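Only a predicted model underlies this, so the values are computations on that prediction, with no experimental measurement involved. In this chain, numbering begins with 1 at the start of the sequence shown.
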Amino acid sequence: MIPAKRYYPGSPQGSSPSGIFAVILCLAWAMAVHAVAQGQNIVFPSDGGVVDVTQPPFTAVPDDSGDDTEALQAALDSFPSGNKIIYLPDGTYLVSSTLHWPMGTGPGDQEKRTILQGQSTEGTIIRLKDNCPGFSSKGNPTPVLFTGSRPAQRFRNAVRNCTIHTGTNNRGAIGIRFNASNQGCVRDVAILSGDFKGAIGLDMAYTAEIGPCFIKNVSITGFGIGIKTGYLQNGITFEHIYLENQKECGIYNERHSLSIRKLKSVNRVPAIHNALHSGHIVLIDAMLKGLGPASEVPAIINEATLFARNVSTSGYLKAVENNGGHGEDIEGDTITEFVSDTVRTLFDSPSHSLNLEIKETPDIPWDSLSEWVSPVHFLDMSDTGITKGRVDITDAVQQAANTDKTTLYFPNGSFRIEGTVHIGNSIRRIIGLETRLYGNGCFKVVNGESPVVVFERFENKEHVTVEQASSRKLVLSSSMISLTGEGPGEIFIEDVLGVPWHFRNQKVWARQINPEIDGTKIINEGGFLWILGLKTEIQGTVIETKSGGHTEVLGGNIYPAYGVPPPPGQPAFINDNSNVSISISENLYKTFYTTVVREEQDGQMLTLSKEDLPVREAVEESPDSVREKGAFILPLYVGMTDRPIGTEAGALCVSRAHSRPSYHFSFSVTSAQNSILLRSYEGIELYNSKGQRIFSVHGSNRERAYSRLQRLPKGITVIKFFRQ
């Protein structure tokens with residue numbers, strides 16, 4: 001391993017910004033914030049149950065140079081585990097100590113279900129005072145925001161639409177120490193070190209059991225490390241991340257599982273350091289730009305497992321220095337597709353991912369309050385049982401949905417829905433103000449005026465569902481909710497816990513999806529399923545793909561949990577005459593899958609065992625956290641049924657249409673094909689271009705032939721093989 005100091009050649013130095021440096025800093029921050037703040041003006045109805053920190057009894061006063069720490073902390077502490085939106089209107093709020101998520105009165109209330117919400121990323125600024133006591137030590141860094149430590153019970157925590165500014169001369173400052181579990185997010189947030197001297201922008205390595213959660217539209221300017229992640233449990237999904245002017249590296253990961261899309265890094269240091277064995281990073285659609293001293297270092301340092309695709313670099317010594325897996329570097333500037341370890345297949349599939357089409361999650365404007373309507377407008381609110389989930393309000397919800405308004409909102413509280421509500425007409429957003437739902441009802445999305453319908457920010461406490469019954473695009477976001485329906489409209493899922501998922505001939509794009517159920521969690525039946533960041537819990541098959549479906553999983557962390565191991569032979573993934581590519585890791589927690597993939601093609605069934613994969617090593621992560629050895633990392637698995645006759649990039653391609661016991665093909669022998677051939681066929685014979693047999697193996701001798709087949713000279717040959 002090359003010493004880390006080689007990769008930290010430094011960045012702009014100085015004390016408080018002044019002159020041209022101040023101008024550069026301001027421009028950098030403005031550009032970064034603009035990337036996540038376009039068109040924001042997040043306001044809520046006065047009857048929504050949102051906690052405005054500028055109103056009594058908290059009365060924070062932004063923009064007055066006074067200290068707002070006490071007022072902001074009082075607002076947080078007043079609603080432990082309350083699913084409350086703590087709302088900061090535009091303005092600069094000065095703080096002098098860490099803002100802590102509320103502890104509550106017992107274990108069930110601790111540091112969870114708290115949402116810090118600004119009016120806009122550019123306008124709402126929480127700013128640490130300059131030269132602030134307690135924030136000066138890089139050896140003992142201190143956060144401006146702290147959302148809780150382990151265990152993994154930090155449900156629904158969120159930070160939204162604001163800027164965290166760590167001031168100047170605060171070398172030990174951390175922007176946010178963030179923890180959320182199962183469903184939670186940091187969205188549309190800028191984190192800024194006023195003089196580039198802070199310690200960490202976004203710290204998610206300070207405690208075990210962080211995640212799963214979703215980080216989207218986040219910019220980080222300055223700090224030693226932009227984002228730090230760590231520990232072996234759970235995983236984090238990142239999308240649309242902007243990093244600039246870090247001193248040590250952009251993202252530093254120790255053993256965690258990261259799914260990253262649309263990362264843009266502009267730095268003098270490595271953009272990513274995937275440190276230590278057992279970490280797993282999936283990186284796609286990224287742009288990594290190196291400045292100045294970056295020409296002496298790689299864009300990515302990998303010491304664990306890395307899957308990268310469609311990544312462009314410039315200004316760096318090389319794209320990837322790979323000290324994990326097969327150890328091969330990428331010397332150029334472009335990563336078309338790179339896997340740091342062996343690609344696994346069971347049949348004769350190509351050794352590259354499906355590379356399915358990716359669509360951005362649709363967005364709709366935040367409507368003015370004149371366009372908002374609520375079911376409470378059609379109810380007698382003197383009945384206190386309404387907001388406690390005791391009264392069925394289905395009829396009132398339908399009345400609200402039938403108006404000409406565009407946003408249907410539910411105030412903070414609990415509401416019961418037992419019937420079906422049809423979402424058509426002009427409604428395009430159904431939003432809970434961090435609302436709980438009870439009952440067995442359904443929001444049925446039918447055709448209407450808007451091509452997109454967004455359903456967001458609900459916690460489902462019983463069995464309320466959303467049904468896709470339309471051709472409209474449906475977005476499920478930041479919720480605990482389940483989906484039903486077979487409507488043809490495209491489906492987009494972001495930061496959602498829900499079970500089970502059954503997609504029938506539908507197109508689905510999911511970011512940070514978390515199904516927790518005993519049994520099969522996701523079924524893709526003839527559809528198109530793209531996942532960035534998958535987390536599961538409880539034993540059972542994770543995804544079954546059948547009827548010619550296409551499933552691509554890009555990162556995540558799965559585990560049976562609860563100490564109940566899967567039945568022997570139960571696969572984590574099933575590919576039934578369909579197409580899949582999977583890159584994922586398993587959690588180190590008590591129980592593990594022994595069969596990772598079961599694939600059936602043309603009546604033949606093969607399995608991929610955990611023993612065939614890299615193992616995540618147990619380490620003592622803290623005095624009370626020793627994890628068992630036994631989890632796997634799946635760098636990339638590919639199984640395809642859409643295979644043409646002939647050759648493709650030197651790989652053997654077989655048509656499902658063939659049924660004769662033996663066939664002849666021309667192809668270039670490569671080591672990547674060896675294990676495929678040996679596992680798939682009873683007899684193998686190879687002939688050179690002159691028709692001379694140069695290799696033959698049958699029956700039980702197949703396994704011994706691996707090394708011989710690996711040493712065969714490259715060239716055009718003919719292969720004759722026999723089905724088992």
Side-chain angles (χ1 to χ4, degrees), residues 37 39-102 104 111-128 144-147 156-165 176 184-190 366-374 376-377 381 387 407-415 429 431-436 456-459 478:
Q40 294 180 337
N41 183 32
I42 309 301
V43 292
F44 299 98
S46 58
D47 64 351
V50 171
V51 180
D52 187 335
V53 300
T54 66
Q55 300 300 310
F58 311 111
T59 59
V61 183
D63 300 325
D64 70 342
S65 74
D67 192 327
D68 297 297
T69 309
E70 184 176 346
L72 299 183
Q73 191 61 59
L76 289 165
D77 288 342
S78 296
F79 303 97
S81 192
N83 268 342
K84 282 287 188 179
I85 297 173
I86 310 301
Y87 179 68
L88 283 69
D90 281 351
T92 298
Y93 300 80
L94 287 179
V95 297
S96 55
S97 61
T98 300
L99 297 175
H100 293 264
W101 261 224
E111 302 168 324
K112 60 174 39 169
R113 293 187 172 91
T114 299
I115 297 88
L116 189 70
Q117 169 79 62
Q119 183 176 347
S120 67
T121 306
E122 290 181 292
T124 300
I125 302 171
I126 299 175
R127 191 187 194 283
L128 183 64
V144 176
L145 298 185
F146 177 79
T147 73
R156 310 202 74 241
N157 285 339
V159 180
R160 291 173 171 265
N161 305 91
C162 63
T163 290
I164 309 301
H165 191 308
I176 306 176
C185 62
V186 178
R187 297 186 64 145
D188 302 295
V189 169
W366 191 267
D367 293 322
S368 65
L369 294 183
S370 62
E371 295 298 321
W372 289 48
V373 65
S374 173
V376 301
H377 300 161
M381 297 308 294
T387 57
T407 293
L408 172 62
Y409 76 96
F410 289 71
N412 186 258
S414 299
F415 296 90
R429 187 190 303 273
I431 183 170
L433 304 189
E434 309 304 336
T435 304
R436 289 187 169 108
E456 62 179 324
R457 300 173 75 158
F458 289 91
E459 181 177 9
S478 295

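- The shortest heavy-atom contact between L145 and T98 is C-CG2, 4.5 Å.
- You'll find the side chain of E111 reaches within 4.5 Å of the side chain of F146, heavy atoms only.
- Nearest heavy-atom pair, F44 versus L433, reported as atom, atom and distance to 0.1 Å: CD2-CD2, 3.6 Å.
- With values rounded to the nearest 0.5 angstrom, K84 atom NZ is found 14.0 Å from Q117 atom CD.
- The minimum heavy-atom distance linking T54 with D52 is given by the pair OG1-OD1, 2.7 Å.
- Formation of a donor-acceptor pair under 3.5 Å by the T92 side chain with backbone atoms of D63 is not found in this model.
- In terms of modelled atom types and a separation under 3.5 Å, the side chain of S374 and the main chain of Y409 share a donor-acceptor contact.
- Between the side chain of T124 and the backbone N or O of L88, at least one donor-acceptor pair lies under 3.5 Å.
- Between S478 and the choices R160, E434, E456, R457, the side-chain hydrogen bond (donor to acceptor under 3.5 Å, both in side chains) rule is met once, by R160.
- Considering only residues two or more places apart in sequence or on other chains, S368 meets the side chain to side chain contact (heavy atoms under 4.5 Å, CB included) condition with S370, E371.
- When each of I115, V51, V53, V50 is paired with Y87, the side chain to side chain contact (heavy atoms under 4.5 Å, CB included) condition holds for V50 and for no other.
- The shortest side-chain heavy-atom distance between I85 and N412 does not fall under the 4.5 Å cut-off.
- No side-chain heavy atom of I125 sits less than 4.5 Å from a side-chain heavy atom of Y93.
- The shortest heavy-atom contact between L72 and A60 is CD2-CB, 4.3 Å.
- Residue F458 comes nearest to R156 through the heavy atom pair O-NH2, 3.6 Å, listed as atom of the first residue, atom of the second, then distance.
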Candidate pair K112 and W101, rule side chain to side chain contact (heavy atoms under 4.5 Å, CB included), full reasoning: CA-CA 7 Å; K112 60 174 39 169; W101 261 224; over 6 Å; no
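- Interatomic distance, CG of L369 versus OG1 of T407, reported as 9.0 Å (0.5 Å rounding).
- In this structure, the side chain of T435 engages the main chain of F410 through a donor-acceptor pair within 3.5 Å.
- Here the CG atom belonging to L99 is positioned 11.5 Å from the CD1 atom belonging to I86, to the nearest 0.5 angstrom.
- Across D77 and P80, no two heavy atoms sit closer than the pair O-CD, 3.5 Å.
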I'd like to know whether L116 forms a side chain to side chain contact (heavy atoms under 4.5 Å, CB included) with I126, so could you lay out the CA-CA distance, the side-chain angles of the two residues, the decisive distance to 0.1 Å, and finally the verdict. CA-CA 11 Å; L116 189 70; I126 299 175; 3.8 Å; yes
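- Expressed to the nearest 0.5 Å, how far CZ of F58 lies from CG of D68 amounts to 13.5 Å.
- The side-chain heavy atoms of V376 and P411, taken from C-beta on, include a pair separated by under 4.5 Å.
- Although no hydrogens or angles enter the test, the distance criterion places no donor-acceptor pair under 3.5 Å between the side chain of W372 and the main chain of P45.
- No side-chain donor-acceptor contact under 3.5 Å links S78 to the backbone of L76.
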Could you please spell out the steps behind the side chain to side chain contact (heavy atoms under 4.5 Å, CB included) verdict for M381 and T387? CA-CA 8 Å; M381 297 308 294; T387 57; 3.6 Å; yes
Output, in order, the C-alpha distance, side-chain angles, deciding distance and verdict of side chain to side chain donor-acceptor pair (under 3.5 Å) for N161 and S120. CA-CA 5 Å; N161 305 91; S120 67; over 6 Å; no
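- A donor-acceptor pair under 3.5 Å is absent between the side-chain atoms of D67 and the main chain of V95, judged by distance alone.
- A heavy-atom distance below 4.5 Å is not found between the side chains of W366 and N41.
- Rounded to the nearest 0.5 Å, atoms CD1 (I431) and CG (L408) are 10.5 Å apart.
- Rounding to the nearest 0.5 Å places SG of C162 at 11.5 Å from CD1 of I42.
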